[in-house]
Amino acid sequence: MKKAILAGISALLLAGCLSGCGKSEIQPGDVTGFDEGEILVSMWVHTIEDTPEGEAYKKSVQSFNENFNGKYFANVEFIPRNDSGGGYSDKINASVMSGDLPDVITVDGPNVSAYAANGIIQPLSELSEDEKSRYLDSIIEQGTVNGKLYALGAMESSVGLYYNKAILAEAGIEIPTPDDPWTWTEFSEILEKLKPIMAEKNGYPLDMTFPVGEASIYYYAPFVWSGGTDLVSDSGLEVSGYFNSEPVANAMQYFRSMVENKFMSAAPIEKLFESGRAAFKFDGAWEVNTIYQSYPDIDLGVAPYVVSDSWDGGRYTPTGSWAYAATSKAKNIEAATELVKWMSNEESGLLLYELTKSLPSTYGAYDKIDVFTEDENYRHLYEQLRDYGHPRPKTPVYPQVSTSFQQALEGIALSGKDAQSELDKSTERINAKLERYKRENENQ
């Protein structure tokens, strides 16, 4: 028996057996296009067919089958997530126990390490350096665990520090270059300067929230990374001295200062930035299109992400989205790898962008989409990904790290709890989850 404990953003995958009686596979002729002599590659994706994202996946599968006609045949099953993030995760969990996993699955990027550590996915066939060089560095880093490539991103994502150009012009504030971003100290001085201006507008300098769930670590772990540390060790098995380190405590205390200095509202205010009552806002890449479509009076800009005063120029900005991986049940890893590569390639990325506006995972796709060269805001988001993108912590207990980060941020920044004490307690809880993996590592 091999126990498996992993999770999506909001649901844990329970313990399960990787062996067992699997369901019978479809045979040639059972599905239109699957012919004698072809190798079947089964796949699950995390959405329904009748959505723009589902349509993109369906078209990419069709083009794969056309390209590999006579050799491989991909059969895709659409399994949507529910509002709590379950559904798809529950299906994988049940299939881990029964042995009914398909050959290829979609995995949310931050969970790749957890899936790998629990034997749910296996390393891909070796890619050439030329093949790997087509993907953003963040995509390869996200999918690599202990030196082995397990997953390739179907798309990428980022968070922008958005600003209202008219308000900053009124305050006489100029935006720095990406290679020389504002430090925490400089940003605080700017927010202080903006306070009287925003008070006249019945607003705040910064539209910033500490949301429950995955968004907290996604948006704000960069404040930790820019301070020269991570939340976990490189092995993913140590958090003591990382999660509760001085740089993390400093970041948490900086967030607290935002609240104490009234640079932001302690309680979220709906559409604060969009209504012109905030000079800055942290939000996902989707915010650009939201402003363009629904708030055309806002003259939008994207500033470089703020860095710690001790930033050394390293990668630190938000990344991470859905990826493809070959499961441990894939008997033909070469076939599964070909499907993973196809579903994440330039052509598939262009299709996903066309239908969903999701950021691509390959350099070639960005080169072929005019908006990333012609629109300064989209260009800044791409350049931020390209030059400074940093994946979320890679650890088999990522769900616990994510939840602990959110809880610590809320307790310290909003409730004023002692930063070191809260981080120490979180570290103890994460260590308890890591014990099993440490033992397994020692026994290898």
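- Between Tyr316 and Ser308, the side chains place no donor N or O within less than 3.5 Å of an acceptor N or O (distance only, hydrogens not considered).
- Contact between Leu352 and Ala154 at its shortest, heavy atoms only, is CD1-O, 3.3 Å.
- Atom CD1 of Ile217 is separated from atom CG of Leu409 by 10.5 Å, given to the nearest 0.5 angstrom.
- Using a distance-only test at 3.5 Å, with no hydrogens or angles considered, a donor-acceptor pair links the side chain of Thr327 to the main chain of Pro102.
- Heavy atoms from other residues, nucleotides or ligands lying under 6.0 Å from CD of Glu246 number 12 at most.
- Between the side chains of Asp424 and Ser421, not a single donor N or O lies within less than 3.5 Å of an accepting N or O.
- The distance from the CD atom of Glu156 to the OG atom of Ser361 is 8.0 Å, given to the nearest 0.5 Å.
- Ser216 places no side-chain N or O within donor-acceptor distance of the main-chain N or O of Val212, the cut-off being under 3.5 Å.
- Interatomic distance, Ile190 CD1 to Phe280 CZ, rounded to the nearest 0.5 Å: 6.0 Å.
- In this structure, a donor-acceptor pair under 3.5 Å is absent between the side chains of Asn431 and Glu435.
- Below 30°, between 30° and 60°, or above 60°: for Tyr366 and Phe372 the angle between ring planes is above 60°, a perpendicular geometry.
- When atom types are taken as modelled, the side chain of Gln293 and the backbone of Thr290 share no donor-acceptor pair closer than 3.5 angstrom.
- Remark: the backbone N or O of Ser158 is paired with a side-chain donor or acceptor of Tyr218 at under 3.5 angstrom.
- For the pair Arg386 and Tyr382, the distance from NZ or CZ to the six-membered ring centre is under 6.0 Å and the angle to the ring normal is within 45 degrees.
- Between the side chains of Ser426 and Gln407, no donor N or O sits under 3.5 Å from an acceptor N or O.
- Defined by atom type and a distance below 3.5 Å, a donor-acceptor pair is missing between the side-chain atoms of Asp108 and Tyr115.
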Trace of the side chain to side chain donor-acceptor pair (under 3.5 Å) decision for Tyr162 with Glu274: CA-CA 11 Å; Tyr162 302 104; Glu274 290 81 0; over 6 Å; no
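- A pairwise comparison of heavy atoms in Tyr88 and Trp44 identifies OH-O, 3.5 Å as the closest pair.
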Passes side chain to side chain contact (heavy atoms under 4.5 Å, CB included), Tyr219 versus Thr209? Steps please. CA-CA 10 Å; Tyr219 284 28; Thr209 60; 5.7 Å; no
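- Using modelled atom types, one side-chain atom of Arg392 and one backbone atom of Gly320 make a donor-acceptor pair closer than 3.5 Å.
- For Ser348 and Ser60, the side-chain atoms include at least one donor-acceptor pair closer than 3.5 Å.
- The existence of a salt bridge linking Glu442 and Arg439 is excluded, since no basic side-chain nitrogen approaches an acidic carboxylate oxygen closer than 4.0 Å.
- In this structure a side-chain-to-backbone donor-acceptor pair under 3.5 Å is missing from Asn146 to Ser235.
- Although no hydrogens or angles enter the test, the distance criterion places no donor-acceptor pair under 3.5 Å between the side chain of Ser415 and the main chain of Ile412.
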Might you work through the side chain to side chain contact (heavy atoms under 4.5 Å, CB included) test for Phe68 and Val41, ending with a clear yes or no? CA-CA 11 Å; Phe68 288 96; Val41 190; over 6 Å; no
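- No donor-acceptor distance shorter than 3.5 angstrom exists from the side chain of Thr403 to the backbone of Gln400, with no hydrogens or angles considered.
- No hydrogens or angles considered: nothing links the side chains of Tyr57 and Thr106 as a donor-acceptor pair under 3.5 Å.
- Listed for the Asn261 side chain is no donor-acceptor partner under 3.5 Å among the backbone atoms of Phe263.
- Looking only at atom types and distance, the side chain of Tyr150 has no donor-acceptor partner in the side chain of Gln142 under 3.5 Å away.
- Taking CD from Gln420 and OG from Ser245, the interatomic distance works out to 8.0 Å, rounded to the nearest 0.5 Å.
- No hydrogens or angles considered: a donor-acceptor pair under 3.5 Å links the side chains of Ser42 and Asp103.
- Between Phe210 and Tyr220, the ring centre distance stays below 6.0 Å.
- In summary, the side chains of Ser328 and Gln122 do not present any donor paired with an acceptor at a separation below 3.5 Å, with no hydrogens or angles considered.
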Derivation of the side chain to side chain contact (heavy atoms under 4.5 Å, CB included) call for Thr51 and Phe78: CA-CA 11 Å; Thr51 62; Phe78 297 86; over 6 Å; no
Could you go step by step and tell me if Asn244 and Val239 meet the side chain to side chain contact (heavy atoms under 4.5 Å, CB included) rule? CA-CA 7 Å; Asn244 60 344; Val239 288; over 6 Å; no
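- Residue-environment remark: NZ (Lys438) exceeds the threshold of 12 foreign heavy atoms within 6.0 Å.
- Across all their heavy atoms, Asp230 and Tyr242 have their closest contact at O-CB, 3.5 Å.
- Between the NZ atom in Lys341 and the OH atom in Tyr135 there is a gap of 8.0 Å [rounded to 0.5 Å].
- Rounding to the nearest 0.5 angstrom, the gap separating the CD atom in Glu422 from the OG atom in Ser404 is 11.0 Å.
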May I have the step-by-step check of side chain to side chain donor-acceptor pair (under 3.5 Å) for Trp342 and Ser63, ending in yes or no? CA-CA 9 Å; Trp342 189 272; Ser63 63; 2.9 Å; yes
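- Judged purely by distance below 3.5 Å, without hydrogens or angles, the side chains of Ser128 and Asp130 never pair a donor atom with an acceptor atom.
- Ion pair Lys58/Glu55 not flagged as a salt bridge, since none of the NZ, NE, NH1 or NH2 atoms sits closer than 4.0 Å to an Asp/Glu carboxylate oxygen.
- Closest approach of Ala151 and Leu124 over heavy atoms only: N-CD1, 4.1 Å.
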Please walk me through it: do Ser358 and Thr356 pass side chain to side chain donor-acceptor pair (under 3.5 Å)? CA-CA 5 Å; Ser358 296; Thr356 71; 2.8 Å; yes
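- Although no hydrogens or angles enter the test, the distance criterion places a donor-acceptor pair under 3.5 Å between the side chain of Asn332 and the main chain of Glu334.
- A salt bridge links Arg315 with Asp137: at least one charged nitrogen is closer than 4.0 Å to a carboxylate oxygen.
- Ile369 and Pro360 make their closest contact through CD1-CG, 3.8 Å (heavy atoms, listed as atom of the first residue, atom of the second, distance).
- Classified by interplanar angle (parallel below 30°, tilted 30° to 60°, perpendicular above 60°), the ring pair Phe34/Phe73 is parallel.
- Between Glu129 and Lys132 a salt bridge is recorded (basic side-chain N to carboxylate O distance below 4.0 Å).
- Between the side chains of Ser133 and Tyr363, no donor-acceptor pair is found at a separation under 3.5 Å.
- The closest side-chain heavy-atom distance from Leu237 to Val397 is not below 4.5 Å.
- Contact check for Thr317 versus Pro222: no side-chain heavy atoms found under the 4.5 Å cut-off.
- If you run ring pair (Phe, Tyr, Trp, His ring centres under 6.0 Å) between Trp311 and each of Trp184, Phe223, Tyr388, Trp225, only Tyr388 comes through.
- When every heavy atom of Pro318 is checked against every heavy atom of Leu385, the shortest pair comes out as O-CD2, 4.0 Å.
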Is there a side chain to side chain donor-acceptor pair (under 3.5 Å) between Glu53 and His46 once you walk through the steps? CA-CA 10 Å; Glu53 187 176 355; His46 58 275; 2.9 Å; yes
